[in-house]
Structure formats: structure tokens, C-alpha cells
Amino acid sequence: MKIATWNVNSLTARWPRVEDFLSTRDVDVVLVQETKQTDAKFPFQQLEALGYESAHHGQGQWNGVAIFSRVGLTDVVRGLYDDEEARFIGATCGDLRVFSCYVPNGRSLDNPHYAFKLRWLDELRRYLRDEASGAPVVVGGDFNVAPADLDVYDPHVFEGATHVSEPERERLRAIEALGYFDATRHAHPDDPCFSWWDYRNGSFRRGWGLRIDLLFCSNDLQPRLVDSWIDRDTRKGEKPSDHAPVFVELA
DNA sequence: ATGTCCCAACTTTTGGGA
């Protein structure tokens with residue numbers, strides 16, 4: 001069973017790449033972020049033609065999360081708490097409970113959006129603690145947090161910036177403390193495994209990346225972990241997203 | 001350090017967000 005998380009940066013703009021991805025990657029479940037679409041625009045029929053059931057928590061200009069599955073899709077939940085931004089969707093796919101998360105960016109440490117980000121991560125932890133027990137769980141998404149300095153191409157550049165601050169990293173550790181592991185880092189303890197490169201400055205060519213797209217698996221999945229990897233080829237070519245898909249394969 | 005992309009709109013150019 002192969003599960004991917006991918007921030008597509010507009011499903012409308014990315015549709016040709018998404019079609020190509022689904023046709024060539026043999027992926028069972030895709031956790032999608034930043035659809036930037038209303039539910040009315042979401043391509044349910046086109047996805048069905050490609051063999052995927054889908055569920056969307058759409059908004060419009062911003063945010064929007066979705067799940068595509070070819071192994072069943074039931075018991076959909078939308079929204080973490082009473083916020084108005086579409087950043088969280090969950091479903092049961094096969095024998096897994098899966099969640100697609102688009103964590104707020106934070107913008108800068110002194111911006112109110114940073115406090116919102118920390119609160120959102122607190123709410124995610126609360127949800128996983130109180131409402132996600134039972135089946136094995138995969139929580140994936142664009143976390144907008146690089147868990148450690150290994151996940152940053154040059155930590156010096158990010159001193160005093162969001163995505164690397166201790167309060168953000170502490171919240172990821174608090175999620176792990178509930179009984180989850182970071183699949184990509186677990187499979188590759190020493191490789192940076194960047195998943196995002198800024199469109200500007202030729203960052204992809206220069207290797208200026210961050211690992212901020214993460215797949216947290218409940219500890220009961222550890223014996224089933226085959227591998228976890230970054231699909232860097234999908235960051236290349238015509239009109240790519242600025243994020244690469246991140247995969248985990250489970251036996 | 002800012003070389004791009006995507007969206008909306010008082011839309012053919014600008015501003016906000018990432």
C-alpha cells in the first residue's frame with residue numbers, strides 16, 4: 001500500500017500534473033493540500049475516471065485539502081475545530097485512518113499568524129489524542145515545519161524565521177509522543193530528503209530545500225514500513241508545484 | 001536574498017500569500 005502526501009499549489013493549475021502523477025505512480029492514497037478550489041469546482045468525476053474515489057474540504061482562493069483513494073474511502077471528517085479555514089480532512093481508506101493536513105504557514109515569529117499556527121498544531125495533537133484512536137493512523141501533509149536542522153539546506157539562513165523555531169518543533173515532538181513516527185526520517189536517518197523548494201532564486205537547481213511535507217504513522221505501523229521517499233521528478237518539468245510528493249509504502 | 005507562481009479583482013496590472 002502506497003500513500004503519498006502532496007501540496008499541489010492549486011489543483012486547477014496542477015491538474016495536468018496530477019493526472020500524470022496518478023497514471024504513473026501506482027499510488028493507493030493521496031493526501032492533498034492547497035487545492036485552492038470550491039467543492040463545486042473539484043474534479044470528482046475526472047478522479048473517478050482515473051480510478052480514485054475522493055473527498056474534498058474546499059474553500060476557494062486559499063487552502064483546501066482532499067483525499068484520493070483507490071482502496072475505499074469512508075467516514076470522512078472535515079475541519080479540526082471551529083476555524084473557518086479548510087485545512088484538515090480525514091477518512092478511512094483500506095485498514096487505515098488517514099488525515100490530510102495543511103498547517104498554517106506562520107509567516108514570521110512576530111505575526112499573529114504564527115500564534116494561529118501553534119494553536120492549530122495544539123488542536124491537531126488534541127484531535128489525534130482524543131478522536132483518532134483505534135485503526136492504524138497516517139497523518140500527512142504540509143506541516144510548514146522542518147523538524148530538525150538536517151531538514152534545512154542552510155540553518156543559518158533560517159535563524160529567527162518560522163518553520164524552524166523551537167515551539168513549532170516541540171509541537172511535532174508532542175505529536176510523536178502520542179505514539180507516532182516520522183516515516184521518511186525513520187527510513188532515512190541521515191538523508192535530508194527535502195520536499196519543498198522555493199520557486200524563486202533557482203532554489204530547486206541549487207538544492208536550497210526544506211523537508212516540511214511529513215507523514216506521521218502510528219507506531220503499530222512500524223513493522224509494516226517498507227520505505228518512504230521523495231518523488232523529486234514531480235518537482236521537475238512543466239508547471240510543477242513547489243512541493244514534491246512524499247511517499248510511504250506499508251506492507 | 002528574493003531571479004516565481006497562483007489567485008482575485010474596482011481585471012490586461014496590481015497586491016497578497018506562499
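A note on names: the letters A, B, ... follow the listed sequences, proteins ahead of strands, and every chain is numbered from 1. Below, all heavy atoms of this structure are taken into account, side chains as well, without hydrogens, waters or symmetry copies.
Between the base of dG16(B) and the side chain of R107(A) there is no donor-acceptor pair shorter than 3.5 Å. Side-chain atoms of N201(A) come within donor-acceptor range of the base of dA1(B), with a qualifying N/O pair under 3.5 Å.
Neither OP1 nor OP2 of dT4(B) sits under 4.0 Å from any side-chain N or O of K239(A). Not one side-chain nitrogen or oxygen of R200(A) sits closer than 4.0 Å to the OP1 or OP2 atom of dA1(B).
The listed nucleotides are dA18(B), dC7(B), dG3(B); the one nearest the side chain of Q61(A) is dC7(B). Listed nucleotides: dA18(B), dG16(B), dG3(B). Nearest to the side chain of N105(A): dA18(B). For R14(A), taking side-chain heavy atoms from C-beta onward, the closest of the listed nucleotides dC5(B), dC7(B), dA18(B) is dC5(B). Out of dC7(B), dA18(B), dC6(B), the shortest distance to the side chain of E34(A) is found at dA18(B).
In this structure, the CG atom of D242(A) is 14 Å from the C1' atom of dC7(B), given to the nearest Å. Counting to the nearest Å, the P atom of dC5(B) and the NE2 atom of H243(A) are 15 Å from each other. Regarding F158(A), its CZ atom lies at a distance of 15 Å from the P atom of dT2(B), rounded to whole Å. Regarding W196(A), its CH2 atom lies at a distance of 12 Å from the P atom of dA18(B), rounded to whole Å. At whole-Å resolution of the value, NZ in K236(A) and C1' in dT4(B) are 19 Å apart. Look at CH2 on W208(A): it is 11 Å from P on dG3(B), rounded to the nearest Å. We find that CZ of F143(A) is positioned 17 Å from P of dA18(B), with the value rounded to whole Å. Between the C1' atom of dC6(B) and the CG atom of N63(A) lies a distance of 13 Å, rounded to the nearest Å.
Under the side chain to side chain donor-acceptor pair (under 3.5 Å) rule, H243(A) has a single partner from T5(A), N9(A), D213(A), which is D213(A).
Side-chain polar atoms of K36(A) and T12(A) form no donor-acceptor pair below 3.5 angstrom. There is no side-chain donor-acceptor pair under 3.5 Å between D39(A) and H57(A).
Nearer the 5' end of DNA chain B, as judged by each residue's closest nucleotide, is the contact made by V157(A), out of V157(A) and L11(A). Of the two residues contacting DNA chain B, namely R206(A) and P240(A), the nearest-nucleotide position lying further toward the 5' end is that of R206(A).
As rounded to the nearest Å, dC7(B) and dT12(B) have C1' atoms that lie 16 Å from one another. For the P atom pair drawn from dA18(B) and dA1(B), the interatomic distance equals 22 Å after rounding to whole Å. The C1' atoms of dG15(B) and dC10(B) are separated by 13 Å, rounded to the nearest whole Å.
Using the six-membered ring where Trp is involved, F42(A) and F68(A) have ring planes that are tilted, between 30° and 60° apart. Between Y153(A) and W208(A), the ring planes lie parallel to each other; the angle is under 30°, not in the 30° to 60° tilted range.
The backbone N or O of A146(A) sits less than 3.5 Å from a side-chain atom of R169(A), completing a donor-acceptor pair.
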